[in-house]
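Working notes for the structure below.
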Amino acid sequence: MRIDVVTIFPSYLQPLREALLGRAIDRGLLEVAVHDLRDWTHDVHQAVDDSPYGGGPGMVMRPQVWGEALDDVLATPDLPARLVVPTPAGRPFTQATAHAWAAEERLVFACGRYEGIDERVLLDARARGITVDEVSIGDYVLVGGEVAVLVMVEAVARLLPGVLGNPRSAAEDSFSDGLLEGPSYTRPEVWRELAVPDVLRGGNHAAIARWRRDRALERTRDRRPDLLDALGPDALDAADRAA
Ligand code: 6GU
């Protein structure tokens with residue numbers, strides 16, 4: 001997969017080169033290019049923003065700069081791209097979004113700052129046949145899209161074949177069955193007088209699976225009842241309902 005990020009703070013995206021993602025890049029599973037939006041300015045001040053029509057606080061990112069930047073970055077007809085614009089006013093980014101995007105060949109992220117990007121930039125991209133997704137990573141406000149891009153790229157990249165050492169890690173995640181994952185334990189058997197639950201040490205795989213499922217149900221009911229409400233009619237069986 002190829003990922004492009006356009007931003008006025010390229011160094012913010014440096015963490016993409018670390019750890020799991022850095023290894024994915026080194027192994028050729030992922031290609032990441034970060035572009036400085038100011039490279040597309042023409043004035044000495046390299047201005048990227050201006051005051052909003054209609055008044056109000058904050059600044060809006062200028063359409064000319066973004067237009068030229070996206071023309072250049074998207075100018076690869078051989079590799080069609082989805083354009084992603086992080087914004088608190090977007091549709092929610094979820095694990096389902098991550099799975100859908102993991103099937104794409106190329107994602108281009110346009111990081112806005114200030115009060116956002118002039119709306120015509122997105123209208124123009126859509127008019128040219130580019131798929132544009134405006135997405136939010138949660139109900140809070142960040143100062144710019146850069147950190148949201150780090151979040152989304154990590155969520156997508158770990159789903160790419162070969163990126164995780166053990167593919168079961170992605171297959172058995174929280175959300176893969178619509179429930180939160182329950183607790184985990186490793187050695188030692190007793191730590192600060194706290195013992196690992198007996199069932200996990202017993203070797204009865206059916207009992208372990210049942211126990212894990214019950215803890216997942218319990219945790220989801222406690223922390224995210226909205227997820228239980230959203231499950232389809234066949235998601236829970238009789239044993240689940242008894243739990
Ligand atoms: Cl994607 N961007 C910004 N700037 N703030 C956010 C967000 C995104 N998601 C939640 N808050």
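Atoms within each ligand, like the ligands themselves, are counted from 1 in listed order.
In summary, E181 and R219 do not engage in a salt bridge, as defined by a charged side-chain N under 4.0 Å from a carboxylate O.
Any N or O atom pair closer than 3.5 Å counts here, and V135 shares no such pair with ligand 1.
To the nearest 0.5 Å, the span separating CZ on R223 from CD on E218 amounts to 10.0 Å.
Protein heavy atom in closest approach to atom 9 (N) of ligand 1: I137 N, 2.9 Å. In terms of protein heavy-atom proximity, atom 11 (N) of ligand 1 is nearest to Y140 O, 2.6 Å. Counting only heavy atoms of the protein, atom 5 (N) of ligand 1 lies nearest to L142 N, 3.2 Å.
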List, one per line, each side-chain donor-acceptor pair under 3.5 Å for residues 159-167, sequence neighbours excluded.
{"from": "N166", "atom 1": "OD1", "to": "R168", "atom 2": "N", "distance (Å)": "2.9"}

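Put simply, the residue from D226, D222, T220 that forms a side chain to side chain donor-acceptor pair (under 3.5 Å) with R224 is D226.
Looking at S136, P88, G90, C111, it is P88 that brings a heavy atom closest to atom 2 (N) of ligand 1. Considering each of A89, G112, G138, the one bringing a non-hydrogen atom nearest atom 10 (C) of ligand 1 is G138.
Legend: ring-ring contact (aromatic ring centres under 6.0 Å, His included) pairs involving residues 59-110, not counting sequence neighbours, sorted by first then second residue: F93-W101.
At a 4.0 Å heavy-atom cut-off, ligand 1 does not touch D139 at all.
Residue-ligand proximity, G144 to ligand 1, at heavy-atom distances under 4.0 Å covers atoms 3 (C), 4 (N). Close approach of ligand 1 to A148 (heavy-atom distance below 4.0 Å) involves ligand atoms 1 (Cl), 8 (C).
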From CA spacing to verdict: side chain to side chain donor-acceptor pair (under 3.5 Å), H42, E68: CA-CA 11 Å; H42 299 290; E68 287 191 30; 3.1 Å; yes
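Residues V132 and V60 fall into different hydrophobic clusters, defined by Ile, Leu, Val, Met, Phe, Trp and Tyr side chains chained together at heavy-atom separations under 4.5 Å.
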